Amino acid sequence: MPELPEVEVIRQSLADSVGRHIVDIEVRESRLRKPVDAMRLRSSIGQQIVGLDRKGKYLIARLSDHRILVLHFGMSGTVRLVKGAWAWDRHDHVQLVLDGDLRWVLNDPRRFGLLWVGSESEAPELSRLGPDALSAEFTAPMLFGATRRSKRAVKNVLLDQRVVAGVGNIYANEALFLAGIRPSRAAHRLSRPAVARLHEALRATLREAIAAGGSSIADFRDGRGRTGYFQLQFRVYDRCGEPCLQCGGTIRRAVHAGRSSFYCPRCQH
DNA sequence: CGCACCCCCTGCCGGC
DNA sequence: TGCCGGCAGGGGGTGC
């Protein structure tokens with residue numbers, strides 16, 4: 001679920017946490033994508049959260065001892081910011097208690113998420129990431145360079161977090177539709193203007209999605225329990241068999257790299 | 001190098 | 001009504 005827009009929406013909803021100290025951490029279920037090291041995690045008790053950042057799909061809490069607390073939400077993860085005591089609910093795995101009687105409750109039914117604390121330089125996941133899709137470093141010329149070097153389908157390039165961080169299946173499909181490019185097009189055959197269109201479409205889609213509170217397909221909610229509504233604006237994602245909003249043709253579904261692609265065969269070439 | 005295919009895990013939906 | 005297969009926003013690994 002959480003791609004860049006959803007993680008950004010979560011980040012914004014947790015803003016009240018900045019400046020607070022971590023006073024306790026309780027781990028009920030450590031079997032996430034990588035086992036949660038409760039002892040290591042609890043070494044951050046007493047630290048102050050001095051900032052809340054995001055890179056790609058990773059949420060990063062900066063601690064006063066200069067370490068970082070890294071969260072990734074996999075397919076089904078969320079974090080709720082609650083006030084007062086909290087009784088463990090189904091699929092709640094970790095509670096992070098802050099001063100001011102606040103707490104983060106990490107819930108992740110599929111347990112593909114990640115929770116880790118350490119120094120930024122030794123965070124293996126972060127070091128492999130390309131520039132964040134909404135950062136100034138992610139430019140059209142940079143994306144053009146990446147497409148030139150790759151014979152893969154352009155959608156697979158967009159999904160490659162080493163090229164650009166934060167794009168997942170929904171927004172890759174949506175951006176390719178806006179740019180009029182088929183997901184299966186060989187990346188290195190795209191023209192410079194086509195890549196520039198794609199770059200612009202991608203950033204516009206991500207910004208629109210953030211403004212809409214993200215996409216709530218099954219049950220995505222932000223830290224305050226609010227749903228997003230960008231799913232109401234999907235132009236192609238999960239619209240197989242439905243009419244193209246631009247030409248009235250029929251949206252098709254195909255599978256690339258094990259993921260569903262949705263596109264309009266008349267509008268995308 | 002790139003992809004097809006597997007894994008991790010739970011939940012939901014459609015077909016029978 | 002109930003069961004079963006397929007599929008789902010993530011990432012990682014293997015072997016061809």
Side-chain angles (χ1 to χ4, degrees), chain A residues 1-10 28-36 54-59 70-79 89-94 106-116 123-130 133 146-176 183-189 202 205-206 209-210 212-222 227-241 253-262:
Chain A
M1 160 202 331
E3 302 183 30
L4 185 155
E6 290 75 31
V7 179
E8 177 61 21
V9 165
I10 290 174
R28 188 173 70 154
E29 173 59 80
S30 59
R31 294 174 301 166
L32 303 190
R33 189 168 99 211
K34 283 181 178 175
V36 175
R54 179 190 57 70
K55 182 160 187 186
K57 303 171 192 174
Y58 290 84
L59 182 68
V70 179
L71 285 90
H72 189 274
F73 300 103
M75 293 277 264
S76 58
T78 53
V79 54
D89 203 352
R90 190 165 163 76
H91 303 309
D92 286 346
H93 305 317
V94 176
L106 276 65
N107 182 287
D108 186 355
R110 293 178 73 176
R111 291 194 270 118
F112 290 166
L114 186 77
L115 181 58
W116 182 86
E125 290 78 12
L126 298 184
S127 65
R128 291 189 218 111
L129 294 181
T147 59
R148 285 284 111 166
R149 289 189 294 274
S150 175
K151 296 183 175 174
R152 306 145 85 189
V154 58
K155 176 157 168 274
N156 293 353
V157 174
L158 294 182
L159 291 178
D160 186 342
Q161 304 298 300
R162 296 168 301 184
V163 173
V164 52
V167 184
N169 204 30
I170 293 177
Y171 301 105
N173 278 298
E174 293 295 308
L176 286 162
S184 57
R185 271 288 290 286
H188 71 295
R189 302 193 59 192
L202 194 52
T205 304
L206 295 170
I210 292 168
S215 300
S216 292
I217 291 184
D219 51 9
F220 169 73
R221 285 163 188 270
D222 73 6
T227 60
Y229 50 90
F230 192 74
Q231 70 280 3
L232 304 176
Q233 300 177 51
F234 287 166
R235 295 165 173 97
V236 287
Y237 184 80
D238 206 22
R239 294 194 62 240
C240 178
R253 173 179 177 272
V255 175
H256 304 117
R259 326 278 308 269
S260 287
S261 293
F262 301 92

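Fair warning: this is a prediction, and the values are worked out from it, not measured in the lab. Below, read A as the first sequence line, B as the second, and so on, with proteins coming before strands; counting in each chain starts at 1.
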What is the distance from CG of A/D222 to P of C/dG9, rounded to the nearest Å?
21 Å
When rounded to whole Å, the CG to P distance for the pair A/L126 and C/dG11 reads 12 Å
Separation of B/dC1 P from A/H188 NE2 (nearest whole Å)
15 Å
Closer than 4.0 Å, any side-chain N/O of A/H91 to the OP1 or OP2 of B/dG11?
yes
Do the side-chain N or O atoms of A/N169 get closer than 4.0 angstrom to the phosphate oxygens (OP1, OP2) of C/dA8?
no
Checking contacts here: which listed nucleotide (B/dT10, C/dG9, C/dG11) is nearest the side-chain heavy atoms of A/R110?
B/dT10
Length of the CG-P vector between A/D160 and B/dG2, whole Å:
9 Å
Could you please name the option among B/dG2, C/dA8, B/dT10 that lies closest to any side-chain atom of A/Y237?
C/dA8
Which nucleotide, C/dG9, C/dA8, B/dT10, lies nearest any side-chain atom of A/S260?
C/dA8
Determine whether A/F73 and A/L106 make a side-chain contact, defined as any pair of heavy atoms from C-beta on separated by less than 4.5 Å.
no
Closest nucleotide among C/dG12, C/dC7, B/dG2 to the A/R152 side chain
B/dG2
For residues A/I10 and A/V79, determine if any side-chain heavy atom of one lies less than 4.5 Å from a side-chain heavy atom of the other.
yes
Is A/D238 touching bases, backbone alone, or none of the nucleic acid, heavy atoms closer than 4.0 Å?
nothing
Would you indicate whether the side-chain heavy atoms of A/F112 and A/S76 approach each other to under 4.5 Å?
no
Looking for any heavy atom pair under 4.0 Å, which part of the strands does A/H72 touch: base, sugar-phosphate only, or nothing?
sugar-phosphate
A/H256 NE2 to B/dC5 C1': how many Å, rounded?
16 Å
May I have the distance from A/D92 (atom CG) to B/dT10 (atom P), rounded to whole angstrom?
15 Å
Does C/dG11 have a Watson-Crick or wobble mate here (both distances under 3.5 Å), and if so which one?
B/dC7
For the side chain of A/F112, starting at C-beta, report the closest nucleotide among B/dC3, B/dC8, C/dA8.
B/dC8
Using a cut-off of 6.0 Å, state whether more than 12 heavy atoms not belonging to A/R148 lie near its atom CZ.
yes
Determine the interatomic distance between P on B/dC9 and the same-named atom on C/dC3; round to the nearest Å.
23 Å
Within the 4.0 Å heavy-atom criterion, would you say A/R253 contacts the bases, only the backbone, or no part of the nucleic acid?
sugar-phosphate
Without decimals, in angstroms, what is the distance between A/F262 CZ and C/dG9 P?
7 Å
Looking only at side-chain N and O atoms, does A/S76 come under 4.0 Å of OP1 or OP2 in C/dA8?
no
Please tell me which of the listed nucleotides, B/dT10, C/dG12, B/dG2, lies nearest to the side chain of A/R128?
C/dG12
Taking OP1 and OP2 of C/dG11, is either one under 4.0 Å from a side-chain nitrogen or oxygen of A/K57?
yes
Between P on C/dG9 and CD on A/Q161, what's the gap in Å once rounded to a whole number?
14 Å
A/F230 ring center within less than 6.0 Å of A/Y171 ring center
yes
Using a strict threshold of under 4.0 Å (side-chain N to carboxylate O), is an ion pair present between A/K34 and A/E125?
yes
Side chain of A/R90 only, heavy atoms from C-beta on: which candidate in B/dG11, C/dG9, B/dC9 is closest?
B/dG11
Of the listed B/dC9, B/dC3, C/dG11, the closest approach to the A/R111 side chain comes from B/dC9
